[in-house]
There are 4 protein chains.
Amino acid sequence: MWIPIQIDDQSAEPLYYQIETQLKSLIVSGQIEEGTLLPSIRELAASLSCSVITIRRVYQDLENEGLLRTKQGTGTFVAKVGTGERDEYRRTVVQTAVETAVDTGISVQYGEEELKQLFLKILKQKYDKKSGRDRE
Amino acid sequence: MWIPIQIDDQSAEPLYYQIETQLKSLIVSGQIEEGTLLPSIRELAASLSCSVITIRRVYQDLENEGLLRTKQGTGTFVAKVGTGERDEYRRTVVQTAVETAVDTGISVQYGEEELKQLFLKILKQKYDKKSGRDRE
Amino acid sequence: MWIPIQIDDQSAEPLYYQIETQLKSLIVSGQIEEGTLLPSIRELAASLSCSVITIRRVYQDLENEGLLRTKQGTGTFVAKVGTGERDEYRRTVVQTAVETAVDTGISVQYGEEELKQLFLKILKQKYDKKSGRDRE
Amino acid sequence: MWIPIQIDDQSAEPLYYQIETQLKSLIVSGQIEEGTLLPSIRELAASLSCSVITIRRVYQDLENEGLLRTKQGTGTFVAKVGTGERDEYRRTVVQTAVETAVDTGISVQYGEEELKQLFLKILKQKYDKKSGRDRE
DNA sequence: GTGGTCTAGACCACC
DNA sequence: GTGGTCTAGACCACG
């Protein structure tokens with residue numbers, strides 16, 4: 001099974017973190033359905049050209065968070081979690097990011113209206129670009 | 001001179017980074033005027049209960065970014081930077097944070113309208129709270 | 001990997017600065033190719049008999065200048081920088097040194113011809129010595 | 001007596017060093033004649049807006065080098081030194097600067113001819129500019 | 001193994 | 001008093 005994960009070599013973010021974040025997003029947003037069997041640690045490591053240790057950590061972390069489940073000798077699956085729980089997670093992640101953005105604005109003395117306009121501009125840009133990509 | 005910096009011991013963010021970020025905000029937002037003599041590294045270290053080396057690093061980093069200027073035997077000053085440059089910096093920082101927030105929303109399949117409403121809600125909350133504090 | 005760096009204990013120049021300057025020269029002149037994995041900070045510190053912190057500072061400074069890229073857990077690499085940028089850097093460094101020399105001459109009232117002859121003499125000396133060394 | 005010394009606040013060079021270097025140049029190049037009575041420490045400090053400590057250090061250093069002589073209760077004079085000695089000093093200072101420039105060129109793999117052309121270009125520029133200023 | 005952070009403490013140079 | 005350099009050594013995070 002093919003998993004769409006992009007690694008940015010230039011980024012300062014740790015490898016495991018890049019992979020973990022993206023995989024998490026795919027799961028909680030429903031782009032990978034529950035019950036799905038994920039690629040083996042070795043496979044995924046190979047396809048991302050990174051160490052198995054790194055992937056093992058990712059799977060481990062997500063299992064600890066209850067998003068994955070490992071069956072000995074079979075592989076790693078996306079766990080069945082309540083829809084409410086998944087939505088909760090999804091909401092939390094976005095909310096945190098938005099709060100950070102607003103806090104940043106406040107910290108450098110951005111006005112409420114000024115910040116709102118900036119947000120709306122960027123929102124439009126990004127979603128226009130996205131729908132462009134989606135149509136392809 | 002007193003500088004309002006809050007340290008969060010629980011945070012995963014490195015100490016030096018917390019201080020650096022806050023000091024940077026104070027400068028680029030104009031809350032500390034250019035030319036101001038900052039507290040000595042020993043003073044600030046004492047008042048934040050951390051090592052002088054940590055403060056030294058903060059001052060040095062900000063000097064490398066052109067926000068501070070240090071003179072041996074005299075002290076550390078807020079650099080005189082073109083207003084344009086400072087505004088530019090201020091804008092970049094906020095824009096990056098907003099972009100990250102929107103990207104996060106997209107990554108977990110948030111709809112444009114849904115994300116907009118969430119943002120507006122948080123924006124209102126935070127600015128209401130802020131104006132409450134400001135009136136005190 | 002072995003890196004040819006000479007330390008002069010007698011010099012008034014700070015240790016970190018001597019190392020930094022020489023490493024920078026090696027990189028911008030192309031004597032160390034881009035992408036090369038440099039020795040670990042501990043290794044280099046040992047081979048130069050100095051503290052790891054001194055080397056760490058060197059690597060960090062050069063990373064801030066965009067000449068190196070470090071990845072935690074992996075090591076420190078020579079960054080892939082545009083050739084133009086590297087040439088630009090190389091030119092700037094030499095130009096500054098030459099300007100300083102000429103300014104010094106002017107400040108003590110050297111005549112143009114007098115300074116030129118002195119330069120040509122020293123140029124010849126140094127390059128003759130160099131080509132002698134190169135042949136070895 | 002007025003002494004033409006420029007202080008660069010932006011420079012990383014220590015204050016005392018900027019002053020010392022310029023004063024030294026004025027003396028060894030003969031722009032201030034031997035026997036001249038220099039301004040008092042307080043006067044010079046006032047006219048350069050710096051600490052008397054800094055000027056005291058400058059006078060002290062130059063006295064140690066034999067370029068100045070202090071008479072109790074009278075003031076500080078430019079010492080009478082042999083012309084040979086003065087020329088020797090003048091030559092040394094320029095030679096060192098030129099050697100540094102050539103060394104820098106060599107360290108980043110500049111070719112002999114390339115470096116020569118760069119030098120001649122800068123030499124011409126600077127002396128043309130100088131003679132422009134002199135004619136004013 | 002790698003780099004990243006933080007500490008305490010020393011000594012020097014500058015003003 | 002100020003900042004600048006350097007040290008030894010600890011502990012953590014990453015691969």
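Numbered from 1 within each chain, the chains take letters A, B, ... in sequence-line order. The model shown is predicted, which means the values in this text are computed figures rather than measured ones.
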Under 3.5 Å, N/O pairs linking protein and nucleotides 13-15 of chain F:
{"from": "F:dA13", "atom 1": "N3", "to": "C:Gln72", "atom 2": "OE1", "distance (Å)": "3.1"}
{"from": "F:dC14", "atom 1": "OP1", "to": "A:Tyr16", "atom 2": "OH", "distance (Å)": "3.2"}
{"from": "F:dC14", "atom 1": "OP2", "to": "A:Arg57", "atom 2": "NH1", "distance (Å)": "2.8"}
{"from": "F:dC14", "atom 1": "OP2", "to": "A:Arg57", "atom 2": "NH2", "distance (Å)": "3.0"}
{"from": "F:dC14", "atom 1": "O4'", "to": "C:Gln72", "atom 2": "OE1", "distance (Å)": "3.2"}
{"from": "F:dG15", "atom 1": "OP1", "to": "A:Leu15", "atom 2": "N", "distance (Å)": "3.0"}
{"from": "F:dG15", "atom 1": "OP2", "to": "A:Tyr16", "atom 2": "N", "distance (Å)": "3.4"}

Round to the nearest Å and state the distance from [X] atom [atom1] to [N] atom [atom2].
X: B:Ile41; N: E:dA8; atom1: CD1; atom2: C1'; result: 14 Å
X: C:Asn64; N: E:dG4; atom1: CG; atom2: P; result: 11 Å
X: C:Ile55; N: E:dT2; atom1: CD1; atom2: P; result: 14 Å
X: B:Leu62; N: F:dG3; atom1: CG; atom2: P; result: 14 Å
X: C:Leu37; N: E:dG1; atom1: CG; atom2: P; result: 15 Å
X: C:Glu63; N: E:dG4; atom1: CD; atom2: P; result: 7 Å
X: B:Leu68; N: F:dT2; atom1: CG; atom2: P; result: 17 Å
X: B:Asp9; N: E:dT7; atom1: CG; atom2: P; result: 10 Å

Take A:Leu48 and A:Leu15 through the test side chain to side chain contact (heavy atoms under 4.5 Å, CB included) and record every step on the way to the result.
-> CA-CA 10 Å; A:Leu48 296 177; A:Leu15 237 188; over 6 Å; no
When you match C:Val52 and B:Glu43 each to their closest nucleotide on DNA chain F, which lands nearer the 5' end?
->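 So the residue in question is B:Glu43.
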Could you run through DNA chain E and flag its stems, i.e. three or more consecutive Watson-Crick or G-U pairs with both distances under 3.5 Å?
-> E:1-14 with F:1-14
List in chain and number order the residues that pass side chain to side chain contact (heavy atoms under 4.5 Å, CB included) with A:Asp8, two or more places apart in sequence or in another chain; answer none if no residue qualifies.
-> A:Gln10, A:Ser11, A:Gln18
Pairing residues for C:Ile41 by the side chain to side chain contact (heavy atoms under 4.5 Å, CB included) criterion, not counting sequence neighbours = C:Ile55, C:Arg56, C:Tyr59
When you check the phosphate oxygens OP1 and OP2 of E:dT5, does a side-chain N or O of C:Arg56 lie under 4.0 Å from one of them?
-> yes
According to the side-chain hydrogen bond (donor to acceptor under 3.5 Å, both in side chains) rule, which pairs have a member within residues 71-80 of chain C, sequence neighbours left out?
-> A:Asp9-C:Lys71
Just grab all the side-chain hydrogen bond (donor to acceptor under 3.5 Å, both in side chains) pairs involving residues 36-52 of chain C, residues at least two apart or on different chains.
->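 side-chain hydrogen bond (donor to acceptor under 3.5 Å, both in side chains) check on residues 36-52 of chain C returns no pairs.
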Would D:Leu62 and D:Leu23 satisfy side chain to side chain contact (heavy atoms under 4.5 Å, CB included), going step by step from the backbone distance to the final call?
-> CA-CA 9 Å; D:Leu62 296 186; D:Leu23 187 50; 3.7 Å; yes
Record whether the side chain of C:Arg42 comes under 3.5 Å of the base of E:dG3 through a donor-acceptor pair of N or O atoms.
->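 Between E:dG3 and C:Arg42, which were checked side chain against base, a qualifying N/O pair under 3.5 Å is present.
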Which of E:dG4, E:dT2, F:dG3 is nearest the side chain of C:Ser40? It is E:dT2
Assign D:Cys50 to base, sugar-phosphate, or nothing according to its heavy-atom contacts below 4.0 angstrom with the strands shown.
-> nothing
Please list all pairs passing the salt bridge (Lys or Arg N to Asp or Glu O under 4.0 Å) test where one or both residues lie in residues 14-33 of chain C, with sequence neighbours left out.
->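 Residue pairs passing salt bridge (Lys or Arg N to Asp or Glu O under 4.0 Å), neighbours aside: C:Lys24-C:Glu65.
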Show me the side-chain donor-acceptor pairs of residues 99-107 of chain B shorter than 3.5 Å, one per line, residues at least two apart or across chains.
{"from": "B:Glu99", "atom 1": "OE2", "to": "B:Gln95", "atom 2": "NE2", "distance (Å)": "3.4"}
{"from": "B:Thr100", "atom 1": "OG1", "to": "B:Thr96", "atom 2": "O", "distance (Å)": "2.9"}
{"from": "B:Asp103", "atom 1": "OD1", "to": "A:Lys126", "atom 2": "NZ", "distance (Å)": "3.1"}
{"from": "B:Asp103", "atom 1": "OD2", "to": "A:Lys126", "atom 2": "NZ", "distance (Å)": "3.3"}
{"from": "B:Thr104", "atom 1": "OG1", "to": "B:Thr100", "atom 2": "O", "distance (Å)": "2.8"}
{"from": "B:Ser107", "atom 1": "OG", "to": "A:Ser25", "atom 2": "OG", "distance (Å)": "3.3"}
{"from": "B:Ser107", "atom 1": "OG", "to": "B:Thr104", "atom 2": "O", "distance (Å)": "2.8"}

D:Arg57: partners by salt bridge (Lys or Arg N to Asp or Glu O under 4.0 Å), with sequence neighbours left out | D:Asp61
For C:Thr76 and for B:Ser49, locate the closest nucleotide of DNA chain E by heavy-atom distance; then report the residue assigned to the nucleotide nearer the 5' terminus.
->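 The residue mapped nearer the 5' terminus is C:Thr76.
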